[in-house]
Asks: 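First the structure, then my questions, so here it is.
Position 1 is the first residue of the sequence; numbering continues from there. The basis for the numbers below is simple: all heavy atoms, side chains too, and nothing from hydrogens, waters or symmetry mates.
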Amino acid sequence: MNRRAWTVGSLIPGSIIQKRTIQKQLTKPDTSDRQICTRNNIIVQQHENRFEIQPEEGKLLDVALSQGKALQHKCRKGTCGLCTVKIIEDGPGLSEPNEKEQKKLKKTLNNGLRLACQAEIPLLEKQTCRLNSESRYT
């Protein structure tokens, strides 16, 4: 007796179809040459508190607050200076200090101090990874 199971509307034996399906399920894609691309977080210090902020487009203060970081702030205009932070790690790179920051912080800008309400996190760039562990920003 013939043990082949024929599929409806096909001349391919069912056992062959089942075998191919099982093989596809068992084989996993090769990811040995792939690299996971991530952007570095921004690390800031305010007084004795350190905060790690995931880069998102917008003002540093707004992004930090949306992520639940308890940065001290008041005016959000760059006049009070309460939101002053020391940049420990710049992550994606913040915007250049604007006039308000230069006026308020003066020479302390050289020490890594910034006003969180004025420092801009740039638009997130799309990241693509090349094989052979090379990363490239496009």
Asks: Is a side-chain donor or acceptor of K86 paired with a backbone partner of Q45 at a separation under 3.5 angstrom?
Replies: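 Not at all, since once roles are kept as given, no pair shorter than 3.5 Å links the two residues.
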
Asks: Does some side-chain heavy atom of E120 sit less than 4.5 Å from a side-chain heavy atom of L94?
Replies: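 No, too far: nothing below the 4.5 Å cut-off.
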
Asks: Kindly indicate whether the side chain of I42, heavy atoms from C-beta on, has any atom under 4.5 Å from the side chain of P92.
Replies: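 They are in side-chain contact.
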
Asks: So which heavy atom on K69 is nearest to which on L65, and how close?
Replies: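 Closest heavy-atom pair between K69 and L65: O-CD2, 3.4 Å.
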
Asks: To the nearest 0.5 Å, how far apart are NZ in K59 and OG in S66?
Replies: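 That separation rounds to 14.5 Å.
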
Asks: To the nearest 0.5 Å, what is the distance between CD1 (I53) and CZ (R50)?
Replies: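 Taking CD1 in I53 and CZ in R50, the distance rounds to 12.5 Å.
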
Asks: Could you walk me through whether V85 and L60 pass side-chain contact (heavy atoms from CB on, under 4.5 Å), step by step?
Replies: CA-CA 10 Å; V85 294; L60 180 60; 4.2 Å; yes

Asks: With a 3.5 Å distance limit and no angle check, can you tell me whether Q67 reaches the backbone of Q54 through a side-chain donor-acceptor pair?
Replies: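 It does hold such a pair.
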
Asks: Please test T79 against K104 for side-chain contact (heavy atoms from CB on, under 4.5 Å), starting from the C-alpha separation and ending with a verdict.
Replies: CA-CA 7 Å; T79 56; K104 187 70 181 170; over 6 Å; no

Asks: To the nearest 0.5 Å, how far apart are CD in Q118 and CG in N98?
Replies: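 CG of N98 is found 4.5 Å from CD of Q118.
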
Asks: What is the minimum heavy-atom distance between G78 and C117, and which atoms define it?
Replies: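 Closest heavy-atom pair between G78 and C117: N-SG, 3.4 Å.
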
Asks: Nearest 0.5 Å, please: how far is CD in Q72 from CG in L61?
Replies: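 CD of Q72 is found 11.5 Å from CG of L61.
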
Asks: Between V63 and E56, does the side-chain contact (heavy atoms from CB on, under 4.5 Å) criterion hold? Intermediate values first, please.
Replies: CA-CA 7 Å; V63 172; E56 294 177 18; 4.0 Å; yes

Asks: Roughly how far, to the nearest 0.5 Å, is CD of Q46 from SG of C83?
Replies: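 Here the rounded value is 7.5 Å.
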
Asks: For I43 and E52, which heavy atoms make the closest approach, and how far apart are they?
Replies: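 For I43 versus E52, the nearest heavy atoms are CG1-CG, 4.1 Å.
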
Asks: If every non-hydrogen atom of N41 is compared with every non-hydrogen atom of P55, which pair is closest and at what distance?
Replies: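 N41 and P55 have their closest heavy atoms at OD1-CD, 3.5 Å.
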
Asks: L105 and L113: which non-hydrogen atoms are nearest, and at how many Å?
Replies: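 That closest heavy-atom pairing would be CD1-O, 3.7 Å.
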
Asks: Quick one: closest heavy-atom pair of L115 and E101, and the distance?
Replies: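 Distance-wise, the nearest heavy atoms are N-OE2, 3.0 Å.
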
Asks: Hey, what do you get for CZ (R114) to CG (L109), rounding to the nearest 0.5 Å?
Replies: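 Answer rounded to 0.5 Å: 7.0 Å.
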
